[in-house]
There are 2 protein chains.
Amino acid sequence: MEAPEFRDFAKSMVDYIADYLENIRDRRVLPEVKPGYLAPLIPEAAPEKPEDWQDVMKDIERVIMPGVTHWHSPKFHAYFPTANSYPAIVADMLSGAIACIGFTWIASPACTELEVVMLDWLGKMLELPAEFLACSGGKGGGVIQGTASESTLVALLGAKAKKLKEVKEEHPEWDDHTILGKLVGYASAQAHSSVERAGLLGGVKLRSVPADEHNRLRGDALDQAIKQDLADGLIPFYAVVTLGTTNSCAFDRLDECGPVANKHNVWVHVDAAYAGSAFICPEYRHHMKGIETADSFNFNPHKWMLVNFDCSAMWLKDPSWVVNAFNVDPLYLKHDMQGSAPDYRHWQIPLGRRFRALKLWFVLRLYGVENLQAHIRRHCGFAQQFADLCVADKRFELAAEVNMGLVCFRLKGSNERNEALLKRINGRGKIHMVPAKIRDVYFLRMAVCSRFTQPEDMEYSWKEVAAAADEMEAAE
Amino acid sequence: MEAPEFRDFAKSMVDYIADYLENIRDRRVLPEVKPGYLAPLIPEAAPEKPEDWQDVMKDIERVIMPGVTHWHSPKFHAYFPTANSYPAIVADMLSGAIACIGFTWIASPACTELEVVMLDWLGKMLELPAEFLACSGGKGGGVIQGTASESTLVALLGAKAKKLKEVKEEHPEWDDHTILGKLVGYASAQAHSSVERAGLLGGVKLRSVPADEHNRLRGDALDQAIKQDLADGLIPFYAVVTLGTTNSCAFDRLDECGPVANKHNVWVHVDAAYAGSAFICPEYRHHMKGIETADSFNFNPHKWMLVNFDCSAMWLKDPSWVVNAFNVDPLYLKHDMQGSAPDYRHWQIPLGRRFRALKLWFVLRLYGVENLQAHIRRHCGFAQQFADLCVADKRFELAAEVNMGLVCFRLKGSNERNEALLKRINGRGKIHMVPAKIRDVYFLRMAVCSRFTQPEDMEYSWKEVAAAADEMEAAE
């Protein structure tokens, strides 16, 4: 494909994208296809000769769209939002054209340096302590990871390297595997599944600490767990504090857990994957109280801050633990400027990395902080609107406090009735939600996800829930 | 930003991209900036109010381009190629618009299913054994990872889980950390740095096995290392066979190493990150001899097959070892169709994943297999052209056999002279290369990287090398 064709093809795609997103509300949010639907629609092997781009364009509606779950529809309420905005899409186009692999500074200085500055911009928007920012001139700084799971794992590996070194100094007679067998990390029973998975990947024990009746990890519970493990000869090294859990958007008490972990010399990683975006609004920053006790902090602008996936922002007070943990330095990756700017390959699991700071830059400039704050506040307002509709219907109850853009609700009564209700809602295909369960209580989660959402959409979604309940009652 | 503005902005970006790439040859390949160049060019904090997209467009040349290393210039010969093509850029635009997170089948069936079929298409193009393909109806199948480093790590973790289970069955009295302390993996001393790093991340020993005089890992050397470790009470579990090393594009003897590893029940992972793309040409498939002995195979279409980063193709004969190794299954990610299609989140390190199969689909259809083969063959021809120019100059010698698109060469004489030569070449900024060192011999690597390369570009690059040598001799 040559440039003139690309201009036509890409501009045609621009129009397709705008048409798709502006009319996304009219599509059925959940596809009706069955597993294996796609293979029969296309050939069994790649073509020998090139095809026309017009034929590829036609196949998007024929092959792809019937199997797409429309995450950006105002009728999509599953999981948590994933971001999608016009400025981010355009920035990713530029990233694809430059297509540098920014593993070292010299491999593309702009790629590294824009990332350093964008993470400072973002850190200032959240009022992170200066120790986390590169512009403070200290050790700290930020990096873009692909996902929050990777941030949790990177922090765990940094914490593991730090503790290994400390314990070996104290017990030079112990070998690595003896020490690793004693290491233990902590997270609330309400933490995301990726925290448990980070433990599996990192080959260390992670203990699940019970949350309080509001689903928050408390300082006392953490302290008790650590003390118990110390008494049993284990070595506490890592604690994950979640600000905005996936189940119910609960906020662990960082102001209690942080000091406890600090006291025991345990690395504090703050996972604010979803809710962290809200901290650009001063009125939500009280949830971050105690942030100065953290060693690493992570949230996903690619969830709720209009920056397309993948853009998970992570800050480290002392990146050297992570950098030195997996530093392998072959000659072909060395360069003369080493040490004067971060070589981000040492900060992450993969070696390669795209130029992702561009989309942060475009989004921050083309929305401005004001409009990003407005976006967060609108979503929180929609959640409240839905919750009000819900509690006004005597058949329903809230299953947790309404936090941010998430409403946890259920039919009064058994879990089975709620499972049946959700099955009916998703089966109707007009809106999409997923469930959660806390202390054996099953409930539905309504996450406000789309940037296209309007008050009428919330009414529509509530009516759909109520209609499914009516239908169920009629069938009972 | 609303849709009408997006249409203008994105179309303006399309033209910028086409202009950038079509004229990339005219830019200085290596930037002249010093570390810290960027921060003073932009404000210290994000703007409160939105800016105009036209101002953002203007800043690309002012802020970004002065710090870009132009990976797609025909004058860029560092590392290995990274892919960049018009069809892939357009596919990524669509991926950004759909912006689904394909962690489970239900989260967007098209995202999972197109990936399954594209990995089959690709596997057929390489003539991978049917056991690796999902369409064979067996256990095997392919997945898109972000990078080869992640593939190496995922395979290592799968191999570790498999061996742990086997050893525990034999020695129920051993605990995990006792077994982990005994596990040992293998790779050639010429393997990529990410292999060593996978060992660090996975917390297991990796032994570096000497390569032969042609820089290839041989069956005898592997057998000897494994037997020695067995005699020392260790447990061999994983071997990485590299097809196309980074230093010199050497090909480990898979036909020898595979059977040796199979005999000792050691997982064979084939890392063909760069050279694997060449296996779409029948004349290069002899390097894959022994592929039927492999447990996992990986190459990067995002290197040499015109699919933009990130698209690292990995096939597993039995994905269940990987899937079960880190399977955490919270309620909010469960769905009714589980088991009838892969839930790719279990196949990878991160939870989230973009719709990356689209760019494979677009590239395969819009180039056709014929043109992709022609691209590989042209690059191999350019390397030969450069090598011929090099050996015609009596001052120079080849440092390794010319394989694929890579020429390893040096000035006859000391390492110091060659270090000085490379410094001079990169300092002139007209072409860009990186060095390597094998058995204490330092040499320069000229990788053919750009899809815009023409025979005249090879002449230009050679003249630039010769001119730097002239300059050096004049200064001596």
Side-chain angles (χ1 to χ4, degrees), chain A residues 1 3 6 10-11 13-14 17-18 22 35 38-39 45-51 64 67-69 71 82 84 86 89-90 92-93 96-97 99-101 108-110 113 117 121 124 147 149 177 181 193 196-197 200 203 308 326 328 330-332 340-341 350-352 364-365 368-369 434 437, chain B residues 1 3 6 10-11 13-14 17-18 22 35 38-39 45-51 64 67-69 71 82 84 86 89-90 92-93 96-97 99-101 108-110 113 117 121 124 147 149 177 181 193 196-197 200 203 308 326 328 330-332 340-341 350-352 364-365 368-369 434 437:
Chain A
M1 171 170 280
F6 163 70
K11 288 174 187 177
M13 185 59 84
V14 168
I17 288 171
E22 296 303 315
L38 185 140
E48 283 297 310
K49 307 265 177 208
E51 300 181 47
I64 303 301
V68 169
T69 303
W71 282 59
T82 195
N84 180 336
Y86 292 133
I89 291 173
V90 179
D92 259 348
M93 290 164 61
C100 62
I101 305 295
S108 221
E113 297 205 10
V117 180
W121 277 23
K124 288 174 188 171
T147 58
S149 351
H177 287 279
S193 58
E196 182 187 345
R197 202 153 178 268
L200 292 175
N308 276 55
F326 350 114
V328 291
L331 185 58
Y332 47 80
S340 49
L351 170 60
L364 295 179
R365 293 180 67 181
V369 177
V434 294
K437 197 186 249 181
Chain B
M1 172 170 279
F6 164 69
K11 288 175 186 176
M13 185 59 83
V14 168
I17 288 171
E22 296 303 316
L38 186 140
E48 283 297 309
K49 307 264 177 207
E51 300 182 48
I64 302 300
V68 169
T69 304
W71 282 58
T82 194
N84 180 336
Y86 292 133
I89 291 172
V90 180
D92 259 348
M93 290 164 61
C100 62
I101 304 296
S108 220
E113 298 206 9
V117 180
W121 278 22
K124 288 174 188 170
T147 58
S149 351
H177 287 279
S193 58
E196 183 187 344
R197 202 154 178 268
L200 293 174
N308 276 54
F326 348 115
V328 291
L331 184 59
Y332 47 80
S340 49
L351 171 59
L364 295 179
R365 293 181 66 182
V369 177
V434 295
K437 197 185 249 182

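In the text below, chain A, chain B and the rest are named by the order of the sequence lines, each starting its count at 1.
Of the two parts of B:E22, only the side chain, counted from C-beta on, holds a non-hydrogen atom closer than 4.5 Å to a non-hydrogen atom of chain A. Only the side chain of A:V117 comes within contact range of chain B, with at least one heavy atom under 4.5 Å from a heavy atom of that chain. In this structure, the portion of B:V434 lying under 4.5 Å from any heavy atom of chain A is its side chain and not its backbone. Interface residue B:K124: only side-chain heavy atoms are found under 4.5 Å from chain A. Heavy-atom distances place the side chain of B:T82, and not its backbone, under 4.5 Å from chain A. Using a 4.5 Å cut-off between heavy atoms, B:L200 touches chain A through its side chain atoms alone. Using a 4.5 Å cut-off between heavy atoms, B:L351 contacts chain A through both its backbone and its side chain.
Note: B:M93 CE to A:M93 CE = 4.0 Å, rounded to the nearest 0.5 Å. B:I64 CD1 to A:S108 OG: the interatomic distance, rounded to the nearest 0.5 Å, is 9.0 Å. Between the CD1 atom in B:I17 and the CZ atom in A:F6 there is a gap of 5.0 Å [rounded to 0.5 Å].
Note on A:K437, A:M13, A:K49, A:E48: by heavy-atom pairs under 4.5 Å with chain B, the leading option is A:E48. Among the candidates A:L331, A:V68, A:D92, the residue making the largest number of heavy-atom pairs closer than 4.5 Å to chain B is A:L331. Heavy-atom pairs under 4.5 Å with chain B peak, among A:P35, A:A3, A:G96, A:S193, at A:P35. No other option in A:G181, A:A341, A:A39 has as many heavy-atom pairs under 4.5 Å with chain B as A:G181. Among A:A46, A:G203, A:S149, the residue with the largest count of heavy-atom pairs under 4.5 Å with chain B is A:A46.
When all heavy atoms of A:T147 and B:G352 are compared, the pair lying nearest together is CG2-N, 4.0 Å. Among all heavy-atom pairs drawn from B:W71 and A:A99, the shortest one is CB-O, 4.0 Å. When all heavy atoms of A:A97 and B:I89 are compared, the closest pair comes out as CA-CD1, 3.9 Å. The two residues B:R365 and A:P47 have their closest heavy-atom pair at CA-CG, 3.8 Å.
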*Could you check A:T69 against B:C100 for side-chain contact (heavy atoms from CB on, under 4.5 Å), going step by step and ending with a plain yes or no?*
CA-CA 7 Å; A:T69 303; B:C100 62; 5.9 Å; no
